[in-house]
Asker: 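Before I ask anything, here is the structure I am working with.
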Amino acid sequence: MTTGTEVQGAEASRAQQWEQAMSELYASYLDFGKKALKDFDDEAVHQARVSSRKLITLLSILDPEDASGLRAYFKRSQKRLGQVRDADVLIQSFKERRKEAKLEGDKKTAKLLKAVILHQKEKRTRQRGKLADELPGMLNGEKDGKWNDFIKERLPALVAEQDVNVAMRELEVAFEQQKKRCKELLGQEDPASSEALDELHKLRLLAKRIRYTANAASFALDQKFHANEAIYKDIQSELGEITDKRMWLDRLEKIGRKELGASRDTWNAFVGKLQAELTEALRRNTVVDVPEALTYSAALE
């Protein structure tokens with residue numbers, strides 16, 4: 001028979017495990033955040049963003065109503081880091097594309113890609129400025145009292161109330177429901193329509209939440225959930241490729257051909273190539289079946 005003392009001991013042990021896990025994530029967030037501010041190193045920006053997202057994921061389980069106010073704080077931080085990270089990824093990809101175009105002797109496409117890179121570098125400079133203005137206060141100021149209060153005062157009771165295994169199962173169910181929604185939509189609509197791609201993006205976000213929960217809370221999860229990190233990492237990667245292509249097409253549409261000084265033929269050829277890559281990424285994905293007959297909007301004007 002389990003005694004009250006044994007139950008209290010088990011609860012205290014769980015609270016200690018959660019405190020260690022949360023504290024390690026928080027330390028990682030602070031460390032990479034400070035490195036990111038030092039020289040905007042792309043890997044430091046990426047890792048700071050990942051740490052903040054993992055903290056958001058665990059806080060959404062432990063403190064679903066955000067009574068601590070910490071989840072809202074980390075979301076602001078994650079947003080600023082994410083804007084810089086997305087620009088880093090686009091610029092790096094388009095640099096590689098420009099090298100390929102130059103090697104192939106395609107001077108017009110290389111010129112277009114250079115214009116996109118310069119445009120995005122200017123935008124990234126502004127985003128870095130906002131990050132530099134806001135992140136130091138987030139790292140060193142307003143959150144200290146809230147974080148310490150959460151860890152020392154709130155966490156033990158929250159751990160006793162919340163079961164991460166229940167939360168994981170709910171995430172899995174939500175993923176399967178969203179997957180069904182995507183499958184139905186892709187069977188009826190143009191797979192590259194905004195609505196279809198929006199739903200696929202939601203599916204990717206659910207995969208990311210499951211992956212991060214499996215990673216950051218592995219110590220508290222039943223054995224049956226331990227494979228989720230690897231499974232949903234692959235799913236996230238497949239859907240992420242689709243998201244990237246879609247985001248780049250949207251970005252080009254927002255900038256516009258004339259702003260970049262490209263001829264209509266060069267513009268349509270490059271946009272058509274990106275659309276073809278999106279088509280291939282959709283066809284190749286193993287997460288949601290996509291009909292063979294794909295139709296897409298005309299090239300962006």
Side-chain angles (χ1 to χ4, degrees), residues 18-95 116-155 158 201 204-205 208-209 211-213 215-217 236 240 243-244 247-248 250-251 254-255:
W18 275 101
E19 179 178 347
Q20 180 179 351
M22 298 289 284
S23 296
E24 287 177 357
L25 276 177
Y26 187 57
S28 175
Y29 164 73
L30 293 177
D31 182 46
F32 284 113
K34 291 173 182 177
K35 290 178 180 177
L37 287 174
K38 185 177 180 181
D39 56 7
F40 298 109
D41 174 74
D42 58 352
E43 184 61 20
V45 169
H46 173 56
Q47 292 300 332
R49 183 191 188 192
V50 168
S51 295
S52 65
R53 190 178 285 277
K54 286 181 180 179
L55 285 164
I56 292 168
T57 298
L58 295 187
L59 285 166
S60 69
I61 295 170
L62 294 173
D63 186 16
E65 301 301 321
D66 197 26
S68 66
L70 286 171
R71 191 147 47 102
Y73 149 70
F74 285 117
K75 282 185 176 180
R76 293 197 305 273
S77 175
Q78 194 272 333
K79 178 182 177 180
R80 289 297 180 210
L81 290 161
Q83 289 172 338
V84 175
R85 172 62 180 171
D86 289 344
D88 284 340
V89 172
L90 185 151
I91 289 167
Q92 182 57 39
S93 175
F94 277 46
K95 281 183 176 179
V116 176
I117 292 166
L118 291 175
H119 184 281
Q120 291 302 291
K121 281 186 174 181
E122 290 180 4
K123 185 174 182 179
R124 184 178 63 180
T125 297
R126 296 192 295 273
Q127 291 165 338
R128 284 175 170 178
K130 291 178 181 179
L131 182 66
D133 287 341
E134 297 180 23
L135 194 59
M138 296 178 184
L139 293 174
N140 303 314
E142 62 188 58
K143 88 297 169 185
D144 287 340
K146 286 184 178 181
W147 178 261
N148 291 331
D149 177 67
F150 175 80
I151 290 294
K152 299 301 181 183
E153 303 297 331
R154 296 174 181 265
L155 185 60
L158 291 172
H201 180 58
R204 176 175 177 261
L205 292 179
K208 185 178 289 188
R209 287 186 65 187
R211 173 194 172 191
Y212 284 167
T213 301
N215 172 275
Q236 181 191 336
T243 297
D244 285 345
M247 182 188 72
W248 297 342
D250 287 348
R251 191 70 54 85
K254 186 174 182 179
I255 299 170

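Only this structure's heavy atoms are used, side chains among them; waters, hydrogens and symmetry mates stay out.
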Asker: Anything under 30° is parallel, anything over 60° is perpendicular, the rest tilted; go ahead and classify Trp248 against Phe94.
Answerer: perpendicular

Asker: Please determine whether a side-chain nitrogen of the Lys or Arg among Asp31 and Lys35 lies less than 4.0 Å from a carboxylate oxygen of the Asp or Glu.
Answerer: yes

Asker: With a 4.5 Å heavy-atom cut-off, do Leu131 and Leu81 have their side chains touching?
Answerer: yes

Asker: If you define the side chain from C-beta out and look only at heavy atoms, does anything of Asp149 sit under 4.5 Å from Arg154?
Answerer: yes

Asker: Does Glu19 have any salt bridge (Lys or Arg N to Asp or Glu O under 4.0 Å) partners at least two apart in sequence or in another chain, and if so, which?
Answerer: Lys152

Asker: Working to the nearest 0.5 angstrom, can you tell me the gap between Ile61 CD1 and Thr213 OG1?
Answerer: 4.0 Å

Asker: Between CD of Gln47 and OG of Ser51, what distance do you get to the nearest 0.5 Å?
Answerer: 6.5 Å

Asker: Is the count of non-hydrogen atoms from other residues, nucleotides or ligands lying under 6.0 Å from Arg209 atom CZ greater than 12?
Answerer: no

Asker: How many angstroms lie between atom CG of Leu58 and atom CH2 of Trp18, to the nearest 0.5 angstrom?
Answerer: 5.0 Å

Asker: Does Leu90 reach the side chain of Val116, with side-chain heavy atoms less than 4.5 Å apart?
Answerer: yes

Asker: Between Ala21 and Ala216, what is the shortest heavy-atom contact and its length?
Answerer: CB-O, 4.1 Å

Asker: Give the minimum heavy-atom separation between Tyr29 and Ser77, together with the two atoms involved.
Answerer: OH-OG, 2.7 Å

Asker: Rounded to the nearest 0.5 Å, what separation is found between the OG atom of Ser93 and the CG atom of Asp244?
Answerer: 8.0 Å

Asker: Could you state the interatomic distance from NZ (Lys79) to NZ (Lys130), rounded to the nearest 0.5 Å?
Answerer: 8.0 Å

Asker: Can you pull out every salt bridge (Lys or Arg N to Asp or Glu O under 4.0 Å) where at least one residue sits in residues 43-64? Sequence neighbours excluded, please.
Answerer: Arg49-Asp86

Asker: What is the distance from atom CG of Leu25 to atom CG of Leu55, rounded to the nearest 0.5 Å?
Answerer: 5.0 Å

Asker: Would you mind reporting whether Ile56 and Tyr212 have side-chain heavy atoms less than 4.5 Å apart?
Answerer: no

Asker: Are the side chain of Asp41 and the backbone N or O of Val45 linked by a donor-acceptor pair below 3.5 Å?
Answerer: no

Asker: Quick check: closest heavy atoms across His46 and Arg85, and the distance to 0.1 Å?
Answerer: ND1-NE, 3.5 Å

Asker: Sequence neighbours left out, what pairs pass side chain to side chain donor-acceptor pair (under 3.5 Å) with at least one residue falling in residues 117-126?
Answerer: Asp88-Arg124, Gln120-Arg251

Asker: Which heavy atom of Phe150 sits nearest a heavy atom of Ser68, and at what distance?
Answerer: CD1-CB, 3.9 Å

Asker: State, to 0.1 Å, how close Ala132 and Leu37 come at their nearest heavy-atom pair, and which atoms those are.
Answerer: CA-CD2, 3.8 Å

Asker: List the atom of Leu59, the atom of Met22, and the distance in Å for their closest heavy-atom pair.
Answerer: CD2-CE, 3.9 Å

